[in-house]
Amino acid sequence: MVIVNYGKNRATLLLGGSITDSLSDYIIGTGSSTITSSDTELVTPVDRQSFTSTTYPTTQKVKMQGDWNSVEMSGIQLSEFAVLTSGTALTGSIWSRDVIPSLTFDGSNELRIEFTLQVY
């Protein structure tokens, strides 16, 4: 996933103690475009889910997981997803975005997305 400008700015403010919000949701979509650091939203958002788990595998790593069941994914041609912290419904401020070749969900598949951030 590409960390976009908003994510870089919020991380700086978080480290500096100016804010206390954190990443909380995934959003998925069916749009497609080249990822740029100035991206602010998905091209075609279709669903948003709160993280189902957040773990800390090491002291310098955090892993966030989102899960969708087969009913939620039925009929979706997934091609983009993002991590975000604020907003409602299908809007918000994305921290990162990824675009993949389109995956068609036919009602028999579930989706799990894991996003890991590591500080070096």
Side-chain angles (χ1 to χ4, degrees):
M1 283 187 140
V2 173
I3 305 295
V4 298
N5 291 339
Y6 179 82
K8 294 173 190 176
N9 296 342
R10 298 302 284 183
T12 301
L13 293 172
L14 185 62
L15 289 171
S18 295
I19 60 171
T20 58
D21 64 344
S22 61
L23 300 173
S24 62
D25 297 333
Y26 279 110
I27 190 164
I28 60 172
T30 59
S32 177
S33 68
T34 302
I35 301 169
T36 68
S37 60
S38 61
D39 287 347
T40 59
E41 59 188 21
L42 295 185
V43 174
T44 311
V46 295
D47 193 44
R48 179 179 181 149
Q49 296 277 8
S50 295
F51 294 152
T52 51
S53 75
T54 301
T55 58
Y56 301 88
T58 70
T59 57
Q60 295 176 306
K61 187 184 290 187
V62 59
K63 181 167 65 172
M64 292 141 296
Q65 176 180 306
D67 295 289
W68 286 260
N69 65 40
S70 59
V71 174
E72 293 168 316
M73 292 306 297
S74 183
I76 293 177
Q77 291 186 317
L78 177 70
S79 59
E80 61 179 339
F81 53 92
V83 175
L84 64 158
T85 183
S86 62
T88 58
L90 298 178
T91 64
S93 300
I94 65 171
W95 278 58
S96 62
R97 179 173 178 247
D98 205 357
V99 174
I100 60 171
S102 184
L103 295 172
T104 301
F105 288 81
D106 62 5
S108 64
N109 308 89
E110 297 177 340
L111 173 68
R112 171 172 287 165
I113 300 174
E114 294 181 347
F115 178 62
T116 303
L117 291 171
Q118 183 167 355
V119 178
Y120 291 96

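Numbers here simply count residues along the sequence, with the first being 1.
- Asn9 and Thr12 are not linked by any side-chain donor-acceptor pair at a separation below 3.5 angstrom, with hydrogens and angles left out of the test.
- Annotation: side chain of Ile27 is not in contact with side chain of Phe81 (no heavy-atom distance under 4.5 Å).
- One hydrophobic cluster, built from ILVMFWY side chains closer than 4.5 Å, cannot hold both Val43 and Ile76; they sit in different ones.
- The line from CD1 of Ile94 to CG of Asp39 is 5.5 Å long, rounded to the nearest 0.5 Å.
- Under the 4.5 Å side-chain criterion, counting only non-hydrogen atoms from C-beta, Thr40 is not in contact with Tyr6.
- At least one side-chain heavy atom of Met73 sits less than 4.5 Å from a side-chain heavy atom of Ile28.
- The two residues Ser102 and Ser79 come nearest to each other via the heavy atoms CA-CB, 4.2 Å.
- In this structure, Ser32 OG and Ile100 CD1 are separated by 10.0 Å, a value rounded to the nearest 0.5 Å.
- In this structure the side chain of Thr55 never reaches within 4.5 angstrom of the side chain of Glu114, judged on heavy atoms.
- Residues Trp68 and Tyr26 meet the side-chain proximity criterion, which asks for heavy atoms closer than 4.5 Å.
- Closest non-hydrogen pair, Asn69 versus Val71, comes out as OD1-N, 3.0 Å.
- Among all heavy-atom pairs drawn from Gln65 and Asp67, the shortest one is NE2-OD2, 2.9 Å.
- The main-chain N or O of Gly31 is found under 3.5 Å from a side-chain atom of Glu80 such that the two form a donor-acceptor pair.
- Using a 4.5 Å cut-off between side-chain heavy atoms of Ile, Leu, Val, Met, Phe, Trp and Tyr, with links allowed through other members, Trp95 and Val99 fall into different hydrophobic clusters.
- Side chain to side chain, Ser70 and Asn109 fail the donor-acceptor criterion of an N or O pair below 3.5 Å.
- The shortest non-hydrogen separation linking Ile3 to Lys8 is O-CE, 3.4 Å.
- Only one option out of Thr91, Leu42, Asp25 pairs with Leu84 in a side-chain contact (heavy atoms from CB on, under 4.5 Å); it is Asp25.
- Thr44 places no side-chain N or O within 3.5 Å of a backbone atom of Thr30 that could act as its donor or acceptor partner.
- Counting only heavy atoms from C-beta outward, the side chains of Arg97 and Val2 never approach each other to under 4.5 Å.
- The hydrophobic cluster containing Val4 also contains Leu90, counting ILVMFWY residues as joined when their side-chain heavy atoms lie under 4.5 angstrom apart, directly or transitively.
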